[in-house]
Structure formats: structure tokens, C-alpha cells
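Ligands are counted one by one from 1 in listed order, and the atoms in each one are counted from 1 as well.
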Amino acid sequence: MSLSLSFTHPILSRHVYSAVFPPPRFLFLSPHIPTTSRFPILYRGPQRATALSATAATASIFRDTAASASVFAGAYALVFTFDILTQKELIQQNLSRKLVHILSGLLFAISWPIFSNADEARYFASLVPLINCLRLVVHGLSLSDDQSLIKSVTREGNPKELLRGPLYYVAMLMLCALVFWRESPVGVICLANMCGGDGVADIIGRKYGSSKIPYNQSKSWVGSISMFVSGFIISIGMLYYYSALGYLQLDWGYTMHRVALISLVATVVESLPITMLIDDNISVPLASMLAAYLTFGH
Ligand SMILES: Nc1ccn([C@@H]2O[C@H](COP(=O)(O)OP(=O)(O)OP(=O)(O)O)[C@@H](O)[C@H]2O)c(=O)n1
Ligand SMILES: C/C(=C\CO)CCC[C@H](C)CCC[C@H](C)CCCC(C)C
């Protein structure tokens with residue numbers, strides 16, 4: 001049973017506010033009670049407060065620490081695996097990079113339920129992309145050498161590449177975890193389109209994309225269509241995953257239409273000839289985030 005007394009912050013939206021000022025740790029919010037009351041709870045006396053025991057608080061800290069370590073190890077293993085596959089010439093570097101692009105973000109989003117139900121769990125989860133951001137900066141500036149990382153996530157093996165696409169990509173993972181987390185469809189839909197949709201567009205487009213888009217000769221119809229279809233399917237899959245775990249309650253008829261619209265917006269933005277101005281790993285997730293926020297409202 002949890003207390004649901006809260007007040008609406010007069011200025012900040014609940015996502016921004018709760019991402020910056022998480023409610024006190026001793027509150028226990030069951031996973032199946034919508035965490036709409038994310039603002040500091042107004043106590044009117046101990047009899048109204050549902051306090052989490054120190055033991056449970058300690059347990060959630062241990063759980064979240066272990067979850068962060070596991071996800072970080074998974075990230076390291078993923079990059080290392082694709083480095084080995086590339087070194088053994090079992091897959092091309094371009095394909096390796098795109099598969100890391102597709103799998104990293106989707107597996108990160110899939111991992112969120114292993115964290116506890118404490119409101120600070122999102123911060124533990126965000127440590128993984130944060131550390132990877134630092135890793136990309138250190139190696140991108142050649143302060144240290146990690147050929148496994150460089151070969152797995154760069155186009156031509158130039159360490160400076162780590163400071164662009166990959167860095168923006170990981171920053172977006174952190175943003176989705178911090179601001180949207182598990183109880184909003186926006187974050188997972190954003191990652192489905194940035195990781196799944198954009199990644200599949202590249203793989204399919206490079207191989208079969210002979211018919212180019214009139215306004216952008218470096219993108220093709222088949223690439224964009226595959227982005228739309230894969231972004232839609234992966235978004236629905238992620239939403240089903242989170243609704244099956246009890247984090248989301250969705251009207252699927254309405255949801256299908258909204259997700260199709262969001263994937264269309266992401267696909268159109270990705271097809272635009274603006275890569276020189278803004279990287280796809282910024283434009284696609286931000287467009288998806290905005291479209292999802294406006295259609296789902298949270
Ligand atoms: N809608 C699309 C998207 C990509 N492609 C194909 O995939 C290649 C790479 O696409 P792009 O999104 O530019 O990938 P990169 O920017 O190299 O990779 P990343 O987004 O990970 O930085 C393009 O040159 C094109 O051959 C395509 O045909 N149609
Ligand atoms: C090549 C990439 C982007 C360019 O378009 C992807 C870069 C991936 C990072 C190097 C690693 C990111 C790891 C995630 C933060 C966590 C993944 C965890 C999961 C369990 C594998």
C-alpha cells in the first residue's frame with residue numbers, strides 16, 4: 001500500500017521535477033501503482049506516511065547496484081563480442097557497428113525492469129550510459145587506447161568518431177532513462193526508433209537501396225520504409241513488454257495509431273538531408289520523443 005498524496009509542482013512537469021528532485025528514499029511505491037505521485041509527499045503526521053524500512057531501502061540499493069554492474073558488464077561484453085567477430089572477419093565492420101547500434105539501446109531498455117522499484121533506480125540505470133559516455137570521451141580524445149571499442153563502433157577506425165554519433169547515442173540512452181524511465185511509453189518508443197528503426201534502415205538501405213529519395217540522394221526509399229516498419233514493430237514490442245510487466249496500461253487500438261505516427265515522424269526526420277547540421281542520433285530520438293510526448297501526453 002502506498003501513499004498517493006502529492007502536489008503538482010507549479011512550474012516543472014512531473015518528469016523533469018522527479019528527475020531532479022526524487023521523492024525521499026523511504027517511500028515504497030509498488031511496481032503496479034502508477035508512480036504519478038512522484039513529487040515529495042506532503043506528510044501530515046506519521047500515521048499518514050508509508051515508510052520503507054531501512055532493510056528494504058538497503059535491499060533496493062544493493063539490487064540497483066548489482067543491476068547497474070550487470071548491465072555495464074553486458075555492454076562491455078556486447079562491444080567485445082562484436083570486436084572479436086569483426087577481427088575474425090565473420091562480419092564486416094559496418095555491419096558490426098550497426099548491430100551494436102541496434103542491440104545496445106534496445107537491450108538497455110529491456111534491462112530496466114531488473115532495477116528496483118525505488119524512485120532512484122533510474123539514476124542507477126543511468127550510470128551505465130554515463131560511464132560509457134566517459135569511456136567514449138576518454139578514447140575519443142585518445143587519452144587511452146581501446147581498439148576493441150574503436151573497431152566496434154566507428155566507421156573507419158578513427159577514435160575521434162567516438163565523440164560524435166556514438167557519444168550522442170549514449171547520451172540519448174541516459175536522457176530516456178532519466179526523464180521517461182519505465183512508466184512512460186516515450187522513452188522506449190524513442191529508443192525503438194533510434195536504435196531499431198535507424199539501425200535497420202542502414203543495413204537494408206546499404207544493401208538494397210538503389211532507388212534514392214528525391215530530396216536526399218544518400219538515403220533510399222527501401223531504407224526509409226524499413227526504418228518505419230522496424231521502428232513501428234520494435235516500438236509495439238517494447239510497449240507490450242512493459243505492459244505485460246505491469247508498468248503500462250495501454251488502449252492498443254489507439255496506441256497502434258499513435259506509434260505508427262511517431263515512427264513516420266522519425267522516418268521522415270531521418271530521411272532529411274540534415275546530417276551535416278545535426279547527427280541522426282540527435283534528430284531522430286528528439287523527433288521521436290517530441291512526437292511521442294505530444295501523442296501520449298506523458
Ligand atoms: N533511410 C536510409 C538510411 C540509410 N540508408 C543507407 O545506409 C547508409 C548509412 O546510413 P546513415 O543513417 O547515414 O548511417 P551512418 O550515419 O553512417 O550511421 P550512424 O547513423 O550510426 O551514424 C546510407 O549511406 C545509405 O546507403 C538508406 O539507404 N536509407
Ligand atoms: C555504434 C553506436 C552508435 C553510433 O550510431 C552504439 C555505441 C554503443 C556504446 C559504445 C555502448 C553503449 C552501451 C549502453 C549504454 C548499455 C547497453 C547495455 C546492454 C545490456 C548491452
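For the residues S271, G197, S218, the heavy atom positioned nearest atom 23 (C) of ligand 1 is part of S218. Distances from atom 5 (N) of ligand 1 to the heavy atoms of S211, G209, A201, P166 put A201 nearest. Comparing V153, V79, L149 against atom 1 (C) of ligand 2, the shortest heavy-atom distance belongs to V153.
Using a 4.0 angstrom heavy-atom cutoff, G165 does not count as in contact with ligand 1. The closest approach between any non-hydrogen atom of M227 and ligand 1 is not below 4.0 Å. Remark: distances from the non-hydrogen atoms of S111 to ligand 2 are all 4.0 Å or more.
Looking at N281 against ligand 2, only its side chain comes within 4.0 Å, counting heavy atoms. Within the 4.0 Å heavy-atom criterion, the part of D280 lying near ligand 1 is the side chain and not the backbone. Under 4.0 Å from ligand 1, the heavy atoms of R97 that appear belong solely to its side chain. With a 4.0 Å cut-off on non-hydrogen atoms, D198 touches ligand 1 through its side chain and not its backbone.
The closest donor-acceptor contact from the side chain of R182 to the backbone of W112 lies under 3.5 Å. With D202 contributing its side chain and D198 its backbone, the two residues share no donor-acceptor pair below 3.5 Å. One N or O on the side chain of K219 and one on the backbone of E270 form a donor-acceptor pair closer than 3.5 Å.
Applying the 4.0 Å criterion to heavy atoms of A75 picks out, from ligand 2, the atoms 13 (C), 16 (C), 17 (C), 18 (C), 21 (C). Of all the atoms in ligand 2, the ones that sit under 4.0 Å from a non-hydrogen atom of L173 are 14 (C), 15 (C). Here is the list of ligand 2 atoms found below 4.0 Å of a heavy atom in Y169: 3 (C), 6 (C). Those atoms of ligand 2 with a heavy atom of V71 less than 4.0 angstrom away are 18 (C).
Below 3.5 Å of separation, one finds an N or O of R155 facing an N or O of ligand 1. The distance criterion of under 3.5 Å between nitrogen or oxygen atoms is met by S224 with respect to ligand 1. Residue E270 has at least one nitrogen or oxygen atom sitting less than 3.5 Å from a nitrogen or oxygen atom of ligand 1, judged on distance alone. Considering backbone and side-chain N/O of S104, none are found under 3.5 Å from N/O of ligand 2.
Residues I189 and I110 share a hydrophobic cluster, clusters being chains of Ile/Leu/Val/Met/Phe/Trp/Tyr side chains in contact below 4.5 Å. The hydrophobic cluster containing V100 does not contain Y76, counting ILVMFWY residues as joined when their side-chain heavy atoms lie under 4.5 angstrom apart, directly or transitively. When hydrophobic clusters are built by joining Ile, Leu, Val, Met, Phe, Trp and Tyr residues whose side-chain heavy atoms come closer than 4.5 Å, directly or via intermediates, L294 is not grouped with V284. Hydrophobic clustering (ILVMFWY, side-chain heavy atoms < 4.5 Å, transitive): V153 and L95 are in one cluster. I274 and V265 fall into different hydrophobic clusters, where Ile, Leu, Val, Met, Phe, Trp and Tyr residues are linked whenever their side-chain heavy atoms come under 4.5 Å apart, directly or through other members.
Donor-acceptor pairing under 3.5 Å is lacking for the side chains of S184 and Y293. For the residue pair S271 and S224, no side-chain donor N or O sits within less than 3.5 Å of a side-chain acceptor on the partner.
One distance of note links OG of S152 with NE2 of H101; it measures 15.0 Å at 0.5 Å rounding.
Shown here is Q217, whose CD atom has more than 12 heavy atoms of other residues, nucleotides or ligands within 6.0 Å.
A tilted orientation is assigned to the rings of Y240 and W252, their planes being inclined by 30° to 60°.
Scanning all protein heavy atoms for the shortest distance to atom 11 (C) of ligand 2 gives N132 OD1, 3.8 Å. For atom 19 (C) of ligand 2, the closest heavy atom belonging to the protein is L107 CB, 3.8 Å. What sits closest to atom 19 (P) of ligand 1 on the protein, heavy atoms only, is K98 NZ, 3.0 Å. In terms of protein heavy-atom proximity, atom 11 (P) of ligand 1 is nearest to D202 OD2, 4.0 Å. Remark: minimum distance from atom 9 (C) of ligand 2 to any protein heavy atom is reached at V170 CG2, 3.8 Å. In terms of protein heavy-atom proximity, atom 13 (O) of ligand 1 is nearest to K219 CE, 3.8 Å. The nearest protein atom to atom 5 (O) of ligand 2, hydrogens excluded, is given as H101 ND1, 2.7 Å; this is a heavy-atom distance.
Pairing each heavy atom of Q93 with each of T154, the nearest pair is NE2-O, 2.8 Å.
Looking at heavy atoms from C-beta onward, N132 lies out of side-chain contact with L173 at the 4.5 angstrom threshold.
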